[in-house]
Engineer: 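Here's a structure for you.
Counting starts at 1 for both ligands and their atoms, following the listed order. As the structure is a computational prediction, the values presented were derived from the model and not from experiment.
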Amino acid sequence: MTQPQDLYSSYLRLDRLLDAQTPWSNQAGRPAHDEMLFIIFHQTYELWFRQVLFELDDIQRRFSASVVDDRDMQPIVARLDRIAAIWRLLVRQLDVLETMAPQDFLDFRESLRTASGFQSWQFRQIEARLGLRRADRVPVFHGQFDDGLDAGHKSQIAQAESAPSLYDQIDGWLARTPFVDWGNYKFWESYRVAVEQMLDSKAAAARQGLVAEALAAELEAIDRGRRKFHLIFDEAGHDKGVEEGLWRMSWRGLQAALLITLYRQEPIFQMPARLLSVIMDVDELLALWRYRHALMVQRMMGTAIGTGGSAGYGYLMATLEKHRIFGDLYGLATYLIPSHSLPPLPESLRSAMGYRYHAGSAP
Ligand code: HEM
């Protein structure tokens with residue numbers, strides 16, 4: 001009969017897990033003490049990546065419905081919160097690896113040959129499933145980023161790239177938000193009028209309070225602001241922005257994201273607003289991880305090229321900006337207007353969106 005103490009071991013398959021650390025510097029006959037930390041470090045990362053993919057499976061399954069059930073929003077947001085918490089840990093965890101001195105790394109670096117985190121196919125799947133497109137990647141000199149992977153792992157990445165990403169799913173979900181056009185209420189029209197009024201009253205205040213040069217500068221700044229808003233007011237302008245790489249989100253998705261953000265206190269928008277916020281947390285934490293990892297790489301190897309064949313530090317710093325996925329959500333902040341300039345929603349829409357329960361209405 002299995003003993004209770006063995007159950008722990010067999011449940012966690014510790015025999016296999018703890019037998020999976022084989023420093024290559026030992027095999028090369030020059031054992032390097034710190035290689036153990038290096039291996040365990042990468043393994044713990046890969047375990048966390050596995051958990052992130054597991055959470056993404058569930059999130060994307062819920063999002064794949066043609067109409068996402070409101071009840072799915074809570075688990076979706078909870079799982080994204082978990083992914084953010086894991087990534088926060090992965091950033092902080094680098095402190096431990098940085099207890100390894102560059103010289104100690106150098107002592108086993110050669111034994112790694114071409115092995116590099118660059119070949120982490122789980123990391124590539126996470127990037128692709130979140131929405132990083134192949135065409136948007138920073139080029140590496142030896143060809144495609146996945147050239148060095150075996151056929152099975154390559155096809156997993158290709159599959160992730162060809163299926164709708166979380167980015168696509170969120171954009172589609174936003175674009176379907178019904179409240180952007182609700183009976184006579186047209187959010188975009190009401191928003192456009194509010195923006196023009198806000199800018200007109202700013203210009204009027206400037207004309208009253210400022211003179212000569214200061215007035216000219218202020219009016220020019222207001223005009224710049226107006227041109228910026230006009231970029232998104234009509235569909236053709238928005239589409240041009242997409243062509244030029246300013247936006248990726250659909251025009252309708254962009255409108256819904258603004259509606260949700262501007263009126264986030266409405267009960268029906270509270271969860272969607274949380275979702276947009278936690279997606280930004282994940283995007284920001286990925287960027288933070290890229291930055292910390294790049295700094296660590298610079299500390300360990302200066303400007304030497306990486307074992308994976310990229311330019312090393314320079315390549316990693318370029319990914320920091322270029323591999324951001326949900327940049328559009330940050331771009332939204334450019335188009336927010338102060339609450340006091342925001343028109344109230346019509347009562348018919350508020351009651352359509354509100355919760356039905358009122359005190360005294362209990363059975
Ligand atoms: C001493 C520690 C480390 C060094 C010196 C290092 C070095 C590098 C270098 C130079 C690259 C660029 C690709 C290449 O040419 O190899 C890279 C990429 C990468 N490394 Fe590390 N790394 C270290 C630790 C880690 C750890 C602990 C992880 C966790 C899994 C990791 C994951 C990655 C990933 C995912 C990439 C690909 C990044 C991208 O293409 O956007 N690295 N690493």
Engineer: Taking it one step at a time, do L17 and R13 satisfy side-chain contact (heavy atoms from CB on, under 4.5 Å)?
Structural biologist: CA-CA 6 Å; L17 194 63; R13 306 184 63 183; 5.9 Å; no

Engineer: Could you identify the single nearest non-hydrogen protein atom to atom 40 (O) of ligand 1 and state the distance to 0.1 Å?
Structural biologist: Y315 OH, 2.5 Å

Engineer: Among all protein heavy atoms, pick the one closest to atom 23 (C) of ligand 1 and tell me residue, atom and distance.
Structural biologist: M296 CE, 3.6 Å

Engineer: Among all protein heavy atoms, pick out the one at the shortest distance from atom 41 (O) of ligand 1; state its residue, atom name and that distance to 0.1 Å.
Structural biologist: R290 NH1, 2.9 Å

Engineer: Answer yes or no on whether R248 is positioned over the face of F326, meaning its NZ or CZ is under 6.0 Å from the six-membered ring centre and within 45° of the axis.
Structural biologist: no

Engineer: Cut-off 3.5 Å, no hydrogens considered: what does the side-chain donor-acceptor table look like for residues 333-345, sequence neighbours left out?
Structural biologist:
residue: T334; atom: OG1; partner: G331; partner atom: O; Å: 2.6
residue: Y335; atom: OH; partner: K228; partner atom: O; Å: 3.3

Engineer: Show me which atoms of ligand 1 lie under 4.0 Å from any heavy atom of M100.
Structural biologist: 1 (C)

Engineer: Distance to 0.1 Å, residue and atom name: give those for the protein heavy atom nearest to atom 25 (C) of ligand 1.
Structural biologist: H42 NE2, 3.3 Å

Engineer: Show which atoms of ligand 1 fall inside a sub-4.0 Å distance from at least one heavy-atom site of M300.
Structural biologist: 1 (C)

Engineer: Looking only at heavy atoms, is any part of R124 under 4.0 Å from ligand 1, and if so is it the side chain, the backbone, or both, or is it neither?
Structural biologist: side chain

Engineer: Pick from F54, W121, W87: which one makes a ring-ring contact (aromatic ring centres under 6.0 Å, His included) with F49?
Structural biologist: W87

Engineer: Name the orientation class of the two ring planes belonging to F63 and W173 (parallel below 30°, tilted from 30 to 60°, perpendicular beyond 60°).
Structural biologist: perpendicular

Engineer: Please write down residue, atom name and distance for the protein heavy atom closest to atom 27 (C) of ligand 1.
Structural biologist: F41 CD2, 3.4 Å

Engineer: Could you tell me whether F38 and F105 have their ring centroids closer than 6.0 angstrom?
Structural biologist: yes

Engineer: Below a 4.0 angstrom heavy-atom separation, can you tell me which part of Y313, side chain or backbone, both or neither, approaches ligand 1?
Structural biologist: neither

Engineer: Quick one: are the ring centres of F179 and W182 less than 6.0 Å apart?
Structural biologist: yes

Engineer: Run the side chain to side chain contact (heavy atoms under 4.5 Å, CB included) test against R134 and tell me which residues pass, sequence neighbours left out.
Structural biologist: Q144, F145, D146, I157, E161

Engineer: Answer yes if the ring centres of W48 and Y45 are under 6.0 angstrom apart, and no otherwise.
Structural biologist: no

Engineer: With a cutoff of 4.0 Å, is E46 in contact with ligand 1, counting heavy atoms of the residue only?
Structural biologist: no

Engineer: Regarding Q27 and S111, is there a side-chain donor-to-acceptor distance under 3.5 Å anywhere?
Structural biologist: no

Engineer: With heavy atoms under 4.0 Å as the rule, classify the contact between L97 and ligand 1 as side chain, backbone, both or neither.
Structural biologist: side chain

Engineer: May I ask you to identify the nearest protein heavy atom to atom 13 (C) of ligand 1, giving residue, atom name and distance to one decimal place in Å?
Structural biologist: S310 OG, 3.2 Å

Engineer: Could you tell me if any non-hydrogen atom of R109 lies under 4.0 Å from any atom of ligand 1?
Structural biologist: no

Engineer: Output the distance between atom NE2 (H293) and atom CE (M317), rounded to the nearest 0.5 Å.
Structural biologist: 12.5 Å

Engineer: Is the closest heavy atom of W121 to ligand 1 under 4.0 Å?
Structural biologist: no

Engineer: Strictly by salt bridge (charged side-chain N to carboxylate O under 4.0 Å, His left out), give each pair with a member in residues 312-324 just once, sequence neighbours left out.
Structural biologist: D283-R324

Engineer: Between D171 and R252, does any NZ, NE, NH1 or NH2 come within less than 4.0 Å of an OD or OE carboxylate oxygen?
Structural biologist: no

Engineer: Can you figure out which of Y45, F123, W289 has its heavy atom closest to atom 32 (C) of ligand 1?
Structural biologist: W289

Engineer: Do F233 and H230 make the cut of ring centroids closer than 6.0 angstrom?
Structural biologist: yes

Engineer: Everything protein-side that's N, O or S and under 2.8 Å from atom 21 (Fe) of ligand 1: list it, residue and atom.
Structural biologist: H293 NE2

Engineer: Report the part of F38 in contact with ligand 1, treating N, CA, C, O as backbone and CB onward as side chain, heavy atoms under 4.0 Å; options are side chain, backbone, both, neither.
Structural biologist: side chain

